[in-house]
Structure formats: C-alpha cells, structure tokens
Amino acid sequence: MSNKLKFPAGFLWGTATSSYQVEGGNSNSDWWEWEKRGKTKDESGVACDYYNRFKTDHDFLTQLDCKAYRLSIEWSRVEPEEGIFSEKEFVHYREVLKDLKNRNIKTQVTLWWWVNPLWFSKKYGFHKKKSVEIFSRYVQKVVDELGDLIDLYQVFNEPMVPLGQGYLAGVFPPGYKNPIKFWKALNNVASSHKKAYQIIKEKYPSVPVGVSYLYNWYESENLGFLVAIINRLSKWYRVNLIDNKIKKSLDFVAIQYYRLGRIKFDWRNIKMDSKNQVYFGFTIEENKNNLMKWITYPQGLYKVLMEVKRKHNLPIYITENGVPTDIGLDDEERIKFIREHLQFVHKAISEGVDVRGYNYWSLLDNFEWLYGYEPRFGLIEIDYKTLERKSRKSFYEYAKICKNNEVEI
Ligand code: BGC
C-alpha cells in the first residue's frame, strides 16, 4: 500500500552544485594547483563545462520543477588578481542568476566553497589576520554586483571540513598539519562570516544569511563509558567550535546530511590517516557496498533535525543530501535514498521542525574533490568524454516529488 506524504505549501524543492565542481577551468585557484601536484585522484579539467552550458543545464531544473537552486560564486574567477575584479566574470554570473530568476527559481548563493584564488593562498590564507579584510572586500563586491539577483546567502560551505582537512590533516590545500594555524584560520573564518553578514544586511536587510554545516549523525560502538565523551567531543569539533563563534550572525542554519558515522576504536590503528578516516585509533565503520564507504541512515536526518531545532530554533534548510553511486541510469539506490530521507524530513516537520527546503545533491555528476570523478551523485549522468547529459531514473522520480509537493512511500 502506498502512502503519500504532503509537504507544507511553499516548501523549496531544489538541487545544488558548486562552481568548482561543475564549471571547469578554474585554473587560477589553490585547488587547481593542488590537483597539479597529484593530490587528487583526477584533475578537474573542464569538469561538466557548466560554465558554458548553464542554460541547457538549467532546462533540467525547469523540467524538475525546482523552486530553488543552490550554486556558488568562484572567488578566483571574479578576483583573479589581488584587488582587481573581473567585470567579464560578473557579467557571466549575472547571466547565470538572471536565467534562474527568469525561470522563477530562487537563487541560493554560497560565497566560499573551499576554493581560494591562488594569489590569496600564496600571500595570505585564512590563517593570516589580513584574510578577513580581503575576504570582506570580495563579499562587498559580490553584493554590489549581484545582490539584486540573490535570494539567500550561505557565506561559507561546511567551514570545518576544509579547516580540518587543510590545516590539521593536510589533505586539502593549504596542506598544513598545524594546530596553531588551524586555530588562527578558524577564528578568521568566523570573523569573515560575521563581517559578511553585516555587509549583506546593510544593503539587503531582509535577505536571509546563514552557513551550511556538514551534519552527519555519529554514534559509537564498543567504547563503553567513553561513548558519551567521544560523541560530545566529536560534535564539539564538527559543529560547536565554529557555531559558538558565529551563531548571532545567522538567520537560518543549513544542514548537509549524508550518512551515519559509527565510531570504533582499534588499538592496532594508532595513526592519523584522515583520508581513510583513521584518527589516532578511532575509525569510522565502513559500508563495503557504497562507493565512498558511507553508511546510509535516513533516521539520522530526523535526529539531526530535532537536535538543530533544540539548539538554534531557527529556520532550517537541508541544502545537501545525496548518495554516491556507480555509473548507470537505472539508479534504484538513489530513488530509495531520496524517498527514505524525505520520509524522515516529513516526520520532523510534522513534529514542529521548521524545515523550509531540501536540495538534492547533486543536479549533475561532478568533480568530487579528492575522489575525482568516480563517485556519481547526479540526478543527471555525465559522460566525461563527450560531456553528454542523460537523465537518470531518479531524475524523473524527483521531478514527481517537486511537482506534487509530496513523496510517495
Ligand atoms: C560538499 C560537496 C561534496 C559533497 C559530497 C559536501 O560535503 O559540500 O562539495 O561534493 O559533500 O561529498
């Protein structure tokens, strides 16, 4: 027997992509250089060539009946040299945003998605105090040039991920393993967020400004009395550390949920290997059937939503949720993933959590950072040789959800 779960009127169904992962050719950035140094499985190259194909890619959003689209501005494009902004690139981003507005799609813009201009990373980096001033100048320029076309801002995307991976684990640029630099960068990112909040609000007081947190659900096994301590510590690190610094400058919280992290302790593995999720003996259980070894756990999204409501009592947007699969159009796994997660989103809403929207990650298969092009997150499959796009079965299923504002379980 099928059961239809209706969502509140005006619920913002959407998808998401990030500029670096889909545009292609972002050669003026620290990530590009990182790739050239052989630090990633593949090089991003032309990616999906969204930079040139955005209009036809937006046709997919229209077909889906998406109400919102989350995308990002590439700082290294619009400010290719220190203090010199590219008018041409602002014209480009205006066209991208205008195309979305013409389709009646709300624009949810992220200002910083893990990538820095090369000049910035060479001369400064977020561990330098001056970064706050420099980042604020970029934010001001975006607000001046594009602000009339932006419906919602996320200043930083999952700030703790690049801070941890780039300043403690050393696997993202700038490649440090340095707690002092980490601490400085953390504080400068927090100050940059607060400054950006002020800049945006000064010109557009009613436009919501927030942040996105990677908010997976963590549990521990076999750890006896340590369970509570470990859980607390891991939450403190992943969320509270930055959230405590910026929470007064948030109009909403965006959560990005993917999986269950089941923490275990293994005496034989006392080393730091964050790529394989080993942190001085603590490891995260792996799911052999998933391309990125992630454990799918839809209930966790409900638990996260309840927790965020208790903590913040602000509107919540789920701005990423998705599953990495292998190539193939008949992606039953993704359909099941979406349906089950939405069932728990619905449960949270019916218990009073103010969830305003859901963006499936991702519209297109794209460049998955260290993992290159292997994991496929898209509703649309990309043939990376020809750049041909093909709609997966999940695309049609998600279209039904967006059109009918309901999910069938
Ligand atoms: C990031 C995306 C990434 C996705 C899947 C999120 O943490 O914001 O850039 O592609 O997870 O790993």
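All ligand and atom numbering here is 1-based and tracks the order in the structure. If you read the sequence from its start, that first residue is 1, and numbering goes on from there.
With a 4.0 Å cut-off on non-hydrogen atoms, W294 touches ligand 1 through its side chain and not its backbone. Residue contacts with ligand 1 for N366 are absent, since no atom lies close enough (heavy atoms, distance under 4.0 Å).
A tilted orientation is assigned to the rings of Y124 and F120, their planes being inclined by 30° to 60°.
Using a 4.0 Å cut-off between a side-chain N of Lys or Arg and a carboxylate O of Asp or Glu, R103 and D59 qualify as a salt bridge. Under the 4.0 Å criterion applied to side-chain N and carboxylate O atoms, E320 and R70 are assigned as salt-bridge partners. Ion pairing of E397 with K400 is present here, as a side-chain N (NZ or NE/NH1/NH2) and a carboxylate O approach within less than 4.0 Å.
Listed by number with element, the atoms of ligand 1 under 4.0 angstrom from any heavy atom of Q21 are 2 (C), 3 (C), 9 (O), 10 (O). Within the listing of ligand 1, atoms 8 (O) sit less than 4.0 angstrom from a heavy atom of N157.
Nearest to atom 7 (O) of ligand 1 by heavy-atom distance, out of Q256, E158, E368, M292, is E158.
The ring-ring contact (aromatic ring centres under 6.0 Å, His included) check on Y384 picks up Y373, with sequence neighbours excluded.
Annotation: atom 2 (C) of ligand 1 to nearest protein heavy atom, E320 OE1, 3.7 Å. Scanning the protein heavy atoms around atom 4 (C) of ligand 1, the nearest turns out to be Y258 OH, 3.4 Å.
The closest approach between W113 and ligand 1 falls below 4.0 Å for a heavy atom of the residue.
Proximity of H193 to V211: side-chain heavy atoms (C-beta onward) are separated by under 4.5 Å at one or more points.
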